[in-house]
Amino acid sequence: MTQVYDHGGGVRSLKVPIPDNPLGHTLVYVVDTDRGPVLIDTGWDDPASWDTLAEGLTACGTSPAEIHGVVITHHHPDHHGLSGRVREASGAWIAMHEADGAIVRRTRSTRPERWLTYMTAKLEAAGAPEEHLAPMRTAWPRSVPGLAPVLPDREIVPGELLALPGRRLRAIWTPGHTPGHVCLHLEEEHPARLPGHGRLFSGDHLLPEITPHIGLYEDPDDTTVTDPLGDYLDSLERVGRLAPAEVLPAHQHAFTDAASRVRELLTHHEDRLTGLLALLAEPLTPWQLAERMEWNRPWAQIPYGSRNIAVSEAEAHLRRLVKLGRAEAVAGSEPVTYLVV
Ligand SMILES: [Zn+2]
Ligand SMILES: [Zn+2]
């Protein structure tokens with residue numbers, strides 16, 4: 001039986017499982033409106049996850065066919081995966097920020113071999129050793145069936161109230177984890193009258209016990225030099241200033257005192273940047289930096305695929321340091337190395 005939690009004030013959450021993932025589940029929120037329930041995120045596209053979502057909606061006294069709309073915090077498959085099935089069942093609209101909508105369009109049109117070539121070249125430029133690159137050079141590029149994300153039909157415009165009849169739900173643009181990540185601020189008094197301003201659906205931006213992955217915004221068709229970690233830190237301060245009475249995240253559990261969680265995360269990244277500066281006393285490639293950074297386990301035990309994510313995270317921190325004028329690429333180095341300024 002699906003676990004349904006009633007948060008009060010016409011908001012419930014359903015635990016929709018993510019197969020083979022340590023995160024366990026996505027919390028899909030069901031928000032009652034005058035035109036029927038609206039979902040915030042939908043969960044992973046998997047038959048068992050769909051059954052869990054459908055059963056959960058039944059337990060809430062509704063069904064997939066009754067859904068009025070779907071609001072997506074960001075394009076990742078554990079959030080947007082089941083949106084297409086919900087829309088098929090109900091005719092619901094799907095809303096997403098334009099920057100993530102663009103990623104969905106690109107994912108649908110980019111051939112897998114182009115993606116593989118891009119990632120290989122990128123890792124080579126970051127100083128990845130040949131033994132890491134070799135399997136990518138000979139890999140057979142293939143798309144994963146069933147994982148093509150669906151296009152949204154509505155754009156979430158930052159700062160605007162969403163068209164949710166009878167509710168006040170405002171979009172807060174919080175780029176960093178993805179370029180178009182949004183939090184959704186329910187500007188209504190907390191049902192238990194907890195102190196603060198309403199409730200915040202925080203997606204992956206603000207989670208109670210884990211730090212979301214911040215890498216570079218990878219895009220084979222866009223060479224803009226972005227600063228995702230800078231975006232993320234700014235977005236953290238933005239949601240801290242909202243001072244919500246309660247945070248309803250997309251993983252783990254609801255929590256209060258958003259301001260202190262924001263401070264913890266800001267401190268975590270500050271410490272990380274300071275640690276990197278110490279490492280950059282000698283010139284290092286992004287790959288060498290990733291090898292020397294602290295992770296949740298020693299580098300030798302980090303699985304192959306996770307190393308790519310780790311390098312992307314190291315690069316996001318380097319990008320930030322370069323932007324702050326604290327580190328610099330060494331002229332003429334290839335692969336590029338960085339050094340403290
Ligand atoms: Zn995510
Ligand atoms: Zn997630």
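This chain uses plain numbering: 1 for the first residue, then up along the sequence. Every number for a ligand or one of its atoms is a count from 1 in the order of the listing.
For the side-chain hydrogen bond (donor to acceptor under 3.5 Å, both in side chains) with H190, the lone residue among H7, H197, E246 that qualifies is E246.
Between R87 and D153 there is a salt bridge, since a side-chain N of the basic residue sits under 4.0 Å from a carboxylate O of the acidic one. The pair E88-R85 does not meet the salt-bridge criterion, since no charged nitrogen lies less than 4.0 angstrom from a carboxylate oxygen.
At least one N, O or S atom of H76, from either the backbone or the side chain, sits less than 2.8 Å from the Zn ion (ligand 1). Within the 2.8 Å limit, D78 places no N, O or S atom next to the Zn ion (ligand 1). At a cut-off of 2.8 Å, H251 coordinates the Zn ion (ligand 2) through an N, O or S atom. The Zn ion (ligand 2) has an N, O or S atom of H79 closer than 2.8 Å. When distances to the Zn ion (ligand 1) are checked against a cut-off of 2.8 Å, H213 contributes no N, O or S atom below that limit.
Remark: the backbone N or O of P228 is not paired with any side-chain donor or acceptor of T226 at under 3.5 angstrom. In this structure, R261 contributes its side chain and P208 its backbone to a donor-acceptor pair below 3.5 Å.
At the Zn ion (ligand 1), the vertex angle linking OD2 of D204 with NE2 of H177 is 90° (nearest 10 degrees).
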